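Bear in mind the structure is a predicted one, so any value in this text is a computation, not a measurement. In the text below, chain A, chain B and the rest are named by the order of the sequence lines, each starting its count at 1.
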Amino acid sequence: MIEITLPDGSVKEVENGTSAMDIAKGISEGLARNVLAAKVNGNVVDAGLPITENATLQLLTWNDKDGKSTMWHSSAHLMAEAIEFFYPGVKLAIGPPVKNGFYYDVDFMDYTITEKDLEKIEQKMKELAKQKNEFIRKEVPKAEAIEYFKGKEDPYKLELLEDLEDGSITFYTQGEFTDLCRGPHIPHTGVIKAIKLTSIAGAYWRGDEKNKQLTRIYGITFPKASELTQYLENVELAKARDHRKLGKELDLFTFSQKVGQGLPLWLPKGAALRERLENFLKKAQKAGGYDQVITPHIGSKELYVCSGHYAKYGEDSFQPILTPDEGEEFLLKPMNCPHHCEIFKSRPRSYRDLPVRFAEFGTVYRYEQSGELHGLTRVRGFTQDDAHIFCTQDQVKDEFKKVIDLVLYIFKTLDFQNFKAQISLRDPNDPDKYIGSNENWDKAEQAIIEASAEKELPTVVEYGEAAFYGPKLDFMVEDALGREWQLGTIQVDYNLPERFELEYTGSDNQKHRPVMIHRAPFGSMERFVAVLLEHCAGDFPLWLTTDQVAILPISDKYNDYSQKLLQLLNNYDIRGFVDDRNEKVGKKIRESELNKIPFMLIIGEQEAANNTVSVRQRGENGDIGSMSVESFADLVGKAIEIELAVNV
RNA sequence: GCCGGUGUAGCUCAGUGGUAGAGUGCUUCCUUGGUAAGGAAGAGGUCACGAGUUCAAUUCUCGUCAUUGGCUCCA
């Protein structure tokens with residue numbers, strides 16, 4: 001007999017060799033039907049696997065992350081079976097579960113496959129799922145496994161087998177299909193009730209662009225048809241808040257084929273919005289002891305040779321700009337740091353001056369791969385809310401804390417709640433990759449970790465993700481479609497102070513090298529606006545939004561009064577416009593609502609006679625009654641004050 | 001950069017081997033109204049660009065550019 005401890009702490013005594021599924025059946029048939037896999041002593045395994053020792057057991061269902069993954073992994077096998085049915089002889093590479101579903105990478109040999117073929121594969125999968133074929137696990141000696149895939153002439157599986165140890169190799173079979181697989185899998189295919197193959201794409205074997213490109217088919221499955229419907233609806237909702245769509249609808253930015261790809265054009269409303277964001281940050285930075293600087297968009301090639309950027313990126317980026325003078329070359333600036341280093345060097349610095357903080361909304365140009373460009377989140381010309389802090393090693397931690405405060409102030413003001421902070425440290429296995437002394441690195445890494453902990457950031461630590469020149473702290477948020485983007489960043493740099501021979505005079509009257517910290521709380525104006533757009537679905541906070549108020553005269557008799565009102569509101573720094581089109585007020589309201597304008601002022605006979613405004617708030621509040629212009633201005637002013645009065 | 005999809009009116013999209021349509025927006029007129037769409041008329045397109053096939057190409061083929069889903073990359 002063995003003892004099985006369940007998550008609630010209760011202990012069941014069962015015969016040695018009892019499976020998780022047996023135990024589930026002992027609890028209830030209904031539960032057993034929902035079990036997809038089991039977690040035994042922390043390892044996810046087949047629910048049917050005999051348990052041979054005392055163990056903790058968690059039954060995994062669709063509600064568990066590991067349960068979902070298991071089902072999607074099994075779904076990949078099911079899809080492979082359907083693919084082999086239509087395209088016998090194709091070579092299968094790998095088919096794992098991912099965040100939302102699964103994929104299988106397939107070498108289709110001489111077959112061509114298009115999106116239209118997905119439907120028939122989907123149909124076949126449904127058919128196979130209905131057969132409730134069991135997933136049967138079999139341990140296989142390595143020689144036998146190699147023999148099997150030699151028979152199938154599958155070079156990918158054979159390559160995978162090379163890295164596996166004899167004795168640890170398992171096959172899984174369901175229906176007519178057998179695959180090399182560690183498992184675990186769901187009990188049988190019948191659990192898969194709803195199937196959607198979502199897209200088809202190219203993917204390199206083992207993620208290396210030197211390798212052959214395979215065809216990757218993405219899909220997702222559910223245990224209930226209604227969940228698939230729900231999922232598809234959510235995808236549609238996410239698309240509705242895609243910043244590229246909203247940016248067009250709200251007239252914020254555009255792109256032109258003639259100007260060039262990845263080069264955004266900010267429209268008047270977008271430019272005004274961006275300016276408000278910049279002023280918001282400038283104000284906070286001024287309070288934080290930053291000095292604003294301005295530097296040109298190009299720099300002599302020598303500058304980037306000195307910084308090392310030319311050696312690293314010269315060939316793969318925008319090429320030098322030539323002048324009538326032979327041998328003279330300039331580069332579009334890919335970053336602001338070298339310019340700021342030269343500003344630091346423009347005069348001798350004393351330890352009493354440190355930290356020095358130079359801030360600039362600096363536009364930079366980077367030749368991103370064409371396939372990587374994406375709306376405003378990945379572009380070739382963009383403006384960083386950049387600043388460089390030059391300080392002593394001992395000041396690093398304190399400066400980090402201050403920058404974290406700044407980032408948190410921005411996130412809180414704009415209601416970003418779901419972010420994570422990634423601490424990127426050295427790769428302990430490759431210490432020679434990094435520039436700067438070990439001692440300084442240790443100090444800086446410790447400073448970042450401590451600063452993050454003291455600020456109670458939700459962090460993940462990634463080893464080996466640090467830049468060669470220093471450790472960093474990045475703030476990551478997800479976009480509407482679940483893609484993760486880096487916004488704010490704080491990076492320590494030991495490289496540039498060295499290369500530019502930056503110095504300050506210490507209290508000992510000796511020359512010392514300052515530490516440089518790069519930081520950009522927004523990341524870039526472009527990416528930040530994109531993520532912000534998706535985050536609030538275009539419904540910006542009152543202080544930031546384009547038009548705070550729409551003045552809607554009921555008929556053209558009240559246009560004059562409406563114009564006067566607009567003047568009056570402008571004096572209160574309230575932005576808006578008069579919709580004096582010859583339309584009914586119902587239509588004007590509808591359009592203002594759709595354009596996400598926070599306040600509407602309905603102006604008719606009563607308002608004009610009494611010098612008042614009838615206020616309607618966007619959304620559920622609706623009509624909030626009549627008041628004087630002063631009261632309305634006060635209302636707006638107070639609302640903005642609350643939005644901006646955020647304590648970190 | 002690589003593999004697929006897409007490119008038709010300002011916007012969202014139908015459609016066709018015989019030089020084009022809807023909705024919405026825009027202009028004008030009627031209507032002068034009270035909290036999510038009043039009515040009518042009109043203007044607006046080198047069907048992304050270039051080449052080829054054809055009597056004839058927006059439609060078929062190829063190329064280029066842009067865009068899009070992935071992969072790779074990301075200072």
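Listed nucleotides U32(B), U35(B), G38(B) differ in distance to Ser614(A); the shortest reach to its side chain belongs to U35(B). For Met335(A), the listed nucleotide lying nearest its side chain is A75(B); candidates were U35(B), A75(B), G1(B). Ranking A36(B), G33(B), A75(B) by closeness to the Glu593(A) side chain, first place goes to A36(B). The Gln257(A) side chain lies nearest to C65(B) when the options are C74(B), C65(B), A36(B). Closest to the side chain of Glu605(A), out of G34(B), G25(B), G33(B), is G34(B). Residue Arg378(A) places its side chain closer to C73(B) than to any other of A75(B), G25(B), C73(B). In the set A75(B), A36(B), C30(B), A36(B) carries the atom at the smallest distance from any side-chain atom of Leu594(A).
Atoms CD1 (Ile200(A)) and P (G4(B)) sit 10 Å apart, rounded to a whole Å. The CG-P distance, from Leu303(A) to A75(B), rounds to 19 Å in whole Å. In this structure, Phe253(A) places its CZ atom 12 Å from P of U67(B), rounding to the nearest Å. One can place OH of Tyr304(A) at 12 Å from C1' of A75(B), the figure rounded to the nearest angstrom. One atom, NZ of Lys245(A), and another, P of C13(B), lie 8 Å apart when rounded to the nearest Å. Lys588(A) has its NZ atom 17 Å from the P atom of U31(B), to the nearest Å. Rounded to whole Å, the distance from NZ on Lys99(A) to P on G70(B) is 12 Å. Rounded to a whole Å, the CZ atom of Phe255(A) is 8 Å from the P atom of U68(B).
Using a 4.0 Å heavy-atom cutoff across all strands shown, Thr198(A) reaches no nucleic acid atom at all. As judged by a 4.0 angstrom heavy-atom cut-off over every strand, Gly207(A) is placed among residues touching the sugar-phosphate backbone only. The residue Gly371(A) sits close to a base: some heavy atom pair falls under 4.0 Å. Contacts of Gln617(A) with the nucleic acid, taken as non-hydrogen atoms under 4.0 Å apart, are absent. Within the 4.0 angstrom heavy-atom criterion, base atoms lie near Gln606(A). Nucleic acid contact class of Arg616(A) (heavy atoms, under 4.0 Å, all strands): base. Across all strands, Ala201(A) comes closer than 4.0 Å to base atoms (heavy-atom distances).
For U27(B), the paired nucleotide is A41(B), the pair qualifying as Watson-Crick or G-U wobble because both relevant distances are below 3.5 Å. With both pairing distances under 3.5 Å, U61(B) is matched to A51(B) as a Watson-Crick or G-U wobble pair. Pairing partner, C71(B): G1(B), with both Watson-Crick or wobble hydrogen-bond distances short of 3.5 Å. Nucleotide A22(B) forms a Watson-Crick or G-U wobble pair with U12(B), both donor-acceptor distances falling under 3.5 Å. Both distances falling under 3.5 Å, in either a Watson-Crick or a G-U wobble arrangement, occur for no nucleotide opposite U35(B). In this entry U6(B) has A66(B) as its Watson-Crick or G-U wobble partner, both defining distances falling under 3.5 Å.
Exactly one of His374(A), Gln261(A), Arg378(A) qualifies for a side-chain hydrogen bond (donor to acceptor under 3.5 Å, both in side chains) with Glu368(A). That residue is Arg378(A). Residue Tyr365(A) forms a side chain to side chain contact (heavy atoms under 4.5 Å, CB included) with just one option from Arg380(A), His297(A), Met335(A), and that option is His297(A).
Of the P atoms belonging to C26(B) and U16(B), the separation is 31 Å, rounded to the nearest Å. When the P atom is compared between G4(B) and U8(B), the two are found 22 Å apart, to the nearest whole Å. U64(B) and G25(B) have their C1' atoms separated by 33 Å, given to the nearest Å. Rounded to whole Å, the separation between the C1' atoms of C73(B) and A36(B) comes to 47 Å. Spacing of C1' atoms, G33(B) relative to G39(B), comes out at 14 Å, to the nearest Å. Separating the C1' atom of U12(B) from that of U6(B) is a span of 15 Å, rounded to the nearest Å. Distance check on atom P: U32(B) versus C11(B) gives 35 Å, rounded to whole Å. When the P atom is compared between A48(B) and G15(B), the two are found 15 Å apart, to the nearest whole Å.
Arg426(A) contributes no side-chain N or O that, together with a main-chain N or O of Ala466(A), makes up a donor-acceptor pair within less than 3.5 Å. Not a single donor-acceptor pair under 3.5 Å links the side chain of Arg616(A) to the backbone N or O of Asp623(A). Remark: the backbone N or O of Leu502(A) is paired with a side-chain donor or acceptor of Arg513(A) at under 3.5 angstrom. Glu342(A) contributes no side-chain N or O that, together with a main-chain N or O of His339(A), makes up a donor-acceptor pair within less than 3.5 Å.
Using a cut-off of 4.0 Å between Lys/Arg side-chain N and Asp/Glu carboxylate O, Glu399(A) and Arg357(A) are scored as salt-bridged. Electrostatic pairing of Arg244(A) and Asp242(A) counts as a salt bridge here, judged by a charged N lying under 4.0 Å from a carboxylate O. The pair Lys239(A)-Glu236(A) meets the salt-bridge criterion, since a charged nitrogen lies less than 4.0 angstrom from a carboxylate oxygen.
Residue Gln213(A) places no side-chain atom within donor-acceptor reach of the base of C71(B), judged by atom type and a 3.5 Å distance cut-off alone. Contact annotation: side chain of Arg366(A) to base of C74(B), donor-acceptor pair absent below 3.5 Å. A donor-acceptor contact under 3.5 Å links the side chain of Tyr204(A) to the base of G1(B).
Between Gln369(A) and C2(B) there is no side-chain polar atom (N or O) within less than 4.0 angstrom of OP1 or OP2. For the OP1/OP2 pair of U68(B) and a distance below 4.0 Å, the side-chain nitrogens and oxygens of Arg244(A) include at least one atom meeting the criterion. In terms of phosphate contacts, His374(A) brings a side-chain nitrogen or oxygen within less than 4.0 Å of OP1 or OP2 of G69(B). Phosphate proximity of U12(B) to Lys248(A): present, with a side-chain N or O under 4.0 Å from OP1 or OP2. OP1 or OP2 of A66(B) has at least one side-chain nitrogen or oxygen of Gln261(A) nearer than 4.0 Å. Between Tyr218(A) and C3(B) there is no side-chain N or O to OP1 or OP2 distance below 4.0 Å.
Two residues, Pro553(A) and Ser199(A), neighbour RNA chain B, and the one matched to the more 5' nucleotide by heavy-atom proximity is Pro553(A). Nearest-nucleotide positions on RNA chain B for Gly260(A) and Cys337(A) put Gly260(A) closer to the 5' end.
A cation-pi geometry, defined here as NZ or CZ lying under 6.0 Å from the six-membered ring centre and within 45° of its normal, does not hold between Lys196(A) and Tyr231(A).
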